[in-house]
Amino acid sequence: MTVQADYQPVFVDKVMEELQLVLQRYPTKQAALLPALWIAQREHGWISDHIMAEVAELLGITPAYVKGVVTFYTMYHQHPVGKNFVQVCTTSPCNICGAEDVVKALLEQTGAQDAGATSPDGKWTIVEVECLGACGFPTPVLVNDDFLENVTPENVPEIVKKYR
Amino acid sequence: MGFPHKPHPKETVVLSQYFGDAEARTLKGWTKRGGYEALAQVLKMDPVAVTDVVKESGLRGRGGAGFPTGLKWSFMPKEKKKPHYLCVNADESEPGTFKDREIMRWTPHALLEGTAIAAHAIRAEIAYIYIRGEFTEPWTFMERALEEANAAGVFGTIKIYLHRGAGAYICGEETALMNSIEGKRGNPRIKPPFPAAAGLFGMPTTINNVETLAAVPHIIKRGAAWYKGLCLSNPKSTGTKLFSVCGHVQRPGNYEVTMGFPLKDLIYDMCGGPRAGRTLKACIPGGSSVPILTRDETESCLLDYEGVVEKGSLLGSGGVIVFDDSTDMVYQIMRLARFYAHESCAQCTQCREGTAWTTKILERILAGQGKPTDLDLLLDLSENMTGKTICVLSDSCAAPVVSGIKKFRGEFDAYLAGKREAVLVG
Amino acid sequence: MADGVINLTIDGAPVSVPAGTLVIEAAKQAGVLVPHYCYHPGLPVAGVCRMCLVEIEKAPKLQIACATTVTEGMVVKTQSAPAKDARQSVLEFLLINHPLDCPICDQAGECELQDFVFQEGQPGTRYGEYAKRFNPVEDFGPDVLYVPNRCILCTRCVRFMEDVAKEPVLNVSERGDRAFIGIHPEARLDHPWAGNVVDLCPVGSLLSKDFLHKARAWELDKTASICTGCSQGCNISLDTRDEVVVRVRPRPNLDVNRYFICDHGRMHYKWMNRGDRIEAPLVRRDGELKATDWDEAFDRIVGILRGASGKAVALVSPGASSESLALAKRLLSGFAWTGAFQIVMGEEAPLPGVPNLALRAERAPNARGAENLGYTRDYAQALEAAKTAAVVLVLDDPDSTVETNGALIYLGTVLPPDAACRRADVVLPIANVAEEEGTFTNRDGRDQRYYQAKSAPGMAQPAAWVLGEIAAALGVTEAAR
């Protein structure tokens with residue numbers, strides 16, 4: 001595939017070393033795909049078509065194959081997201097404990113107009129997600145990799161302040 | 001115990017003994033508490049002998065299917081001709097369920113020990129622990145524990161690796177989980193072939209749930225007879241189970257009780273029942289994929305595999321979702337249908353199209369545009385979605401719809417009669 | 001059960017098949033077509049469309065016939081109420097997002113969705129309240145268009161590219177009812193065998209740009225033929241409408257091309273419709289080629305051949321039928337004979353998932369047939385011999401640069417204005433491969449027959465007939481070979 005002239009490969013130096021270690025855990029290169037995509041997203045913030053092609057080449061599979069995998073899993077971002085990517089569970093157990101109000105509070109307090117859209121200052125993307133597996137601690141909220149429990153509209157302002 | 005609550009006198013504390021005890025997460029702390037003794041014992045035993053102990057104990061899969069664990073292990077080939085694999089299903093995504101998470105973040109070594117014992121029993125050289133991507137905290141603790149344990153060489157020649165999921169409920173289905181580890185879309189596979197014949201990378205594989213494996217060291221140490229003796233009702237359901245109680249209860253959390261425990265006591269005694277001024281309307285006993293129970297059914301239900309079937313539902317993952325009388329059942333059933341529509345992998349026609357259609361109909365009813373024929377349509381679609389697909393996600397979408405219409409018809413009729421309209425979010 | 005043969009009952013009919021046969025294949029033997037979409041005998045089993053659900057006695061749930069292997073004594077019912085209800089429900093689910101495009105869809109008339117809905121679908125929809133999802137048409141590459149709205153996600157195309165072409169350039173993207181067939185933006189569907197996805201697509205979702213809106217399926221006549229693109233000898237169907245070849249599709253042949261043809265062969269038909277044909281026999285009179293009838297042409301040739309002796313050279317096309325090549329040789333049996341052909345070569349392009357199947361380097365269908373009859377590839381030597389030959393016979397080789405002092409007889413479909421054969425004494429118009437019946441021998445030595453799909457223009461006749469008539473007039477019989 002044609003390489004963008006100014007494309008900076010993700011898997012170089014230490015990152016490439018990390019990938020090599022990952023590859024040792026599996027009998028096939030393809031099995032390193034999900035871990036490789038996590039590494040790429042950690043480094044680059046999101047997974048572009050070019051990164052998909054880079055990963056494909058490293059693992060001996062096609063870019064189309066990688067794209068099929070990336071689009072299947074909801075946690076891989078296919079476009080840039082705000083500095084704080086916020087996932088709020090609104091599935092039934094949390095729903096009946098006020099999860100939708102938490103979403104509303106977060107949207108209001110961060111200036112992100114709609115769920116899924118990034119706030120004008122680029123700092124927040126709020127999305128509703130399905131069950132986060134913490135139903136006994138409603139409402140669970142993931143801010144990037146920080147898993148917050150028992151979030152209510154009352155403690156939203158504090159959270160927003162902390163991460164801003 | 002129902003962390004962060006104190007252990008309730010009616011609990012049978014086995015797996016949850018150290019929930020909340022930070023020291024138990026370290027190797028030192030764990031071994032001080034008797035950890036890894038069972039593993040050391042097992043590594044000197046014949047694999048078949050280990051399987052026999054687990055068979056004798058009556059342990060059944062705690063992920064949702066309730067398949068006898070020892071029997072599952074015995075499906076692996078008797079003659080070792082190929083690499084064997086163990087997959088640990090830590091993809092916990094069934095709405096209402098949050099027990100595996102607690103096991104991993106409080107007692108990671110318990111899971112590692114159970115994993116290693118199982119790997120030995122099925123002669124697996126490698127075990128992958130598939131942890132859902134959103135479980136960042138459990139991952140951290142599992143990673144640290146694994147590093148410590150590896151450094152101390154407790155696993156012998158068995159290699160345990162963590163594999164991170166990336167957001168797909170369907171990857172909790174055992175064959176989809178294997179595909180996901182292999183670096184593919186998390187599509188369930190048609191069976192046959194069964195995992196024990198051709199599973200991960202085409203090799204003989206066993207997949208077990210986190211809670212199931214966490215029980216294994218205890219069974220080894222204290223004996224199959226002890227575990228089998230933990231039984232309040234049907235002898236085919238033995239041991240303890242962590243029930244994740246959530247929703248409209250005063251003290252949500254995980255509660256560990258002996259199989260056969262009355263659901264009524266769990267909800268009212270241990271969790272304090274519904275909030276003040278509220279009464280229990282409905283309960284889903286085993287995670288959202290099982291039929292909804294009415295109040296009467298809930299209050300007379302015994303929590304074991306057979307007991308819940310008797311009430312017309314399934315024990316499933318043991319995720320107990322409690323709905324009080326403030327709940328709009330139609331809205332929540334819609335929200336569950338939406339969950340399944342979002343998570344469908346798209347392979348089977350009935351699931352791909354049916355979950356979305358079901359959701360649309362429910363949304364329309366909620367918006368006040370329901371038609372008299374809609375309920376029959378929903379029931380017909382649900383029947384068409386049941387028993388006809390590669391995996392049971394399709395059936396799982398149908399379960400709350402069918403039981404909901406059957407048992408809460410009045411609420412649906414109110415919407416259809418124009419007496420009610422909801423505000424749809426999302 | 002004896003010798004690995006399984007006996008079972010399908011819809012009341014007893015069937016005996018080898019052990020390991022799938023129920024859906026065993027059903028064919030009972031004359032039962034189990035409706036299906038994702039299953040295809042040339043692809044690995046997917047089991048996703050759920051259309052082939054059948055009732056099997058003693059099985060607790062309906063089973064998919066495409067993934068169930070026969071067992072002794074199995075009783076299969078494809079027409080029982082549960083099986084039919086299941087199929088009807090699958091059709092209903094497929095139709096809720098499938099647009100009512102039949103009037104503008106190329107697949108109409110040969111669409112498996114139409115067929116089964118007509119056969120056993122519901123008469124009306126229960127999905128009237130919603131708009132169907134809409135996505136724009138996508139251009140996947142050289143010849144393939146993807147219409148996402150019509151896609152039923154059977155994944156045949158994905159499996160073909162991954163497992164047969166071994167180039168996974170198509171994927172399933174997204175999840176649930178948002179899923180569609182995707183391609184990485186930097187990739188194109190330009191694999192030399194990619195066109196097969198259009199044939200495999202049961203509906204009008206993957207379309208050939210070449211065939212787009214060209215003809216309706218029910219207007220087409222389909223004739224069995226053999227591809228002339230190379231020496232593989234893939235079995236094809238020539239689809240014609242009103243005497244024009246509009247499409248080439250593969251015909252299944254498990255020993256040659258299984259279910260597939262390459263894109264080169266698929267596109268290699270437009271020349272069959274050329275308008276600049278020789279339409280009448282021509283003889284040289286007063287220094288010019290003049291149109292005449294067959295009798296005069298034959299008389300002239302017979303005269304030439306009877307009056308000549310010594311060397312004769314035959315320059316032939318490796319795409320001529322074996323019958324015509326044999327007769328051309330027999331005609332010159334009284335001479336010291338040299339026969340040769342020149343063959344265009346190209347790059348070989350195998351289809352990795354099928355053994356012994358490739359677009360072959362030799363871009364002609366009957367080189368082996370010609371060689372079996374004694375023609376060689378030493379064209380240069382033949383040209384040299386032709387210079388001093390008494391008779392030179394050129395069969396369907398319009399680009400030949402032949403020069404001779406002897407008589408030049410040309411049989412061909414076309415005669416370009418600057419062709420060397422314009423100096424021929426006699427020019428005879430012949431039919432092309434679509435206009436006659438004949439035999440090709442492929443590179444593996446397999447004799448295969450092709451049939452007439454359309455009429456030859458003007459007075460053109462099959463070369464075998466023309467040469468046969470001359471041979472008869474000459475009195476050259478079998479025994480004289």
Side-chain angles (χ1 to χ4, degrees), chain A residues 1-11 28-34 36-37 40-41 44 46-81 87 90-91 115-116 127-132, chain C residues 38 43-44 46 48 133 135 138-142 144-146 148 151-197 200-201 205-206 351-353:
Chain A
M1 88 145 222
T2 59
V3 180
Q4 191 182 8
D6 56 352
Y7 177 66
Q8 299 293 336
V10 172
F11 289 93
T28 68
K29 282 199 201 167
Q30 187 173 331
L33 179 54
L34 268 76
L37 290 170
Q41 183 158 290
H44 189 256
W46 59 290
I47 302 184
S48 66
D49 285 331
H50 286 279
I51 290 182
M52 288 186 218
E54 185 189 344
V55 171
E57 174 125 23
L58 287 169
L59 299 181
I61 50 185
T62 60
Y65 198 94
V66 175
K67 189 157 183 137
V69 169
V70 170
T71 56
F72 181 87
Y73 296 97
T74 58
M75 293 187 80
Y76 294 129
H77 310 315
Q78 292 164 67
H79 45 77
V81 294
Q87 304 177 67
T90 57
T91 311
V127 293
E128 278 189 47
V129 294
E130 300 298 337
C131 181
L132 283 175
Chain C
C38 69
L43 302 173
V48 295
R133 59 152 195 249
N135 291 297
E138 284 177 50
D139 184 336
F140 271 2
V144 181
L145 287 175
Y146 176 60
C151 180
I152 59 170
L153 278 189
C154 72
T155 69
R156 277 185 183 178
C157 55
V158 177
R159 281 177 284 140
F160 175 79
M161 292 312 297
E162 184 168 344
D163 292 291
V164 187
K166 304 260 194 251
E167 204 179 272
V169 70
L170 293 178
N171 63 33
V172 178
S173 288
E174 304 290 330
R175 224 165 56 189
D177 70 335
R178 288 86 55 206
F180 56 92
I181 303 298
I183 191 173
H184 191 271
E186 295 285 331
R188 299 279 81 208
L189 193 58
D190 55 8
H191 189 279
W193 291 80
N196 288 293
V197 299
L200 289 167
C201 183
S205 182
L206 286 169
L351 184 60

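All chains are named by letter (A, B, ...) in the order of the sequence lines, taking the proteins before the strands, and each is independently numbered beginning at 1. Any value given below was found using the heavy atoms of this structure, including those in side chains, with hydrogens, waters and symmetry copies removed.
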Closest contact, heavy atoms only, A64(A) versus P168(C): CB-O, 3.6 Å
V172(C) to T71(A) - nearest heavy-atom pair and separation: O-OG1, 4.2 Å
Option in I61(A), T62(A), V69(A) with maximal non-hydrogen atom pairs under 4.5 Å from chain C: T62(A)
Closest heavy-atom pair and its distance - G68(A), N171(C): N-ND2, 3.2 Å
E138(C), CD atom: more than 12 neighbouring heavy atoms under 6.0 Å: yes
Top of M161(C), E162(C), E174(C) for chain A proximity - count of heavy-atom pairs under 4.5 angstrom: E174(C)
Under 4.5 Å from any heavy atom of chain A - which part of P185(C): side chain
Stepwise side-chain contact (heavy atoms from CB on, under 4.5 Å) check, T74(A) with R175(C): CA-CA 9 Å; T74(A) 58; R175(C) 224 165 56 189; 3.5 Å; yes
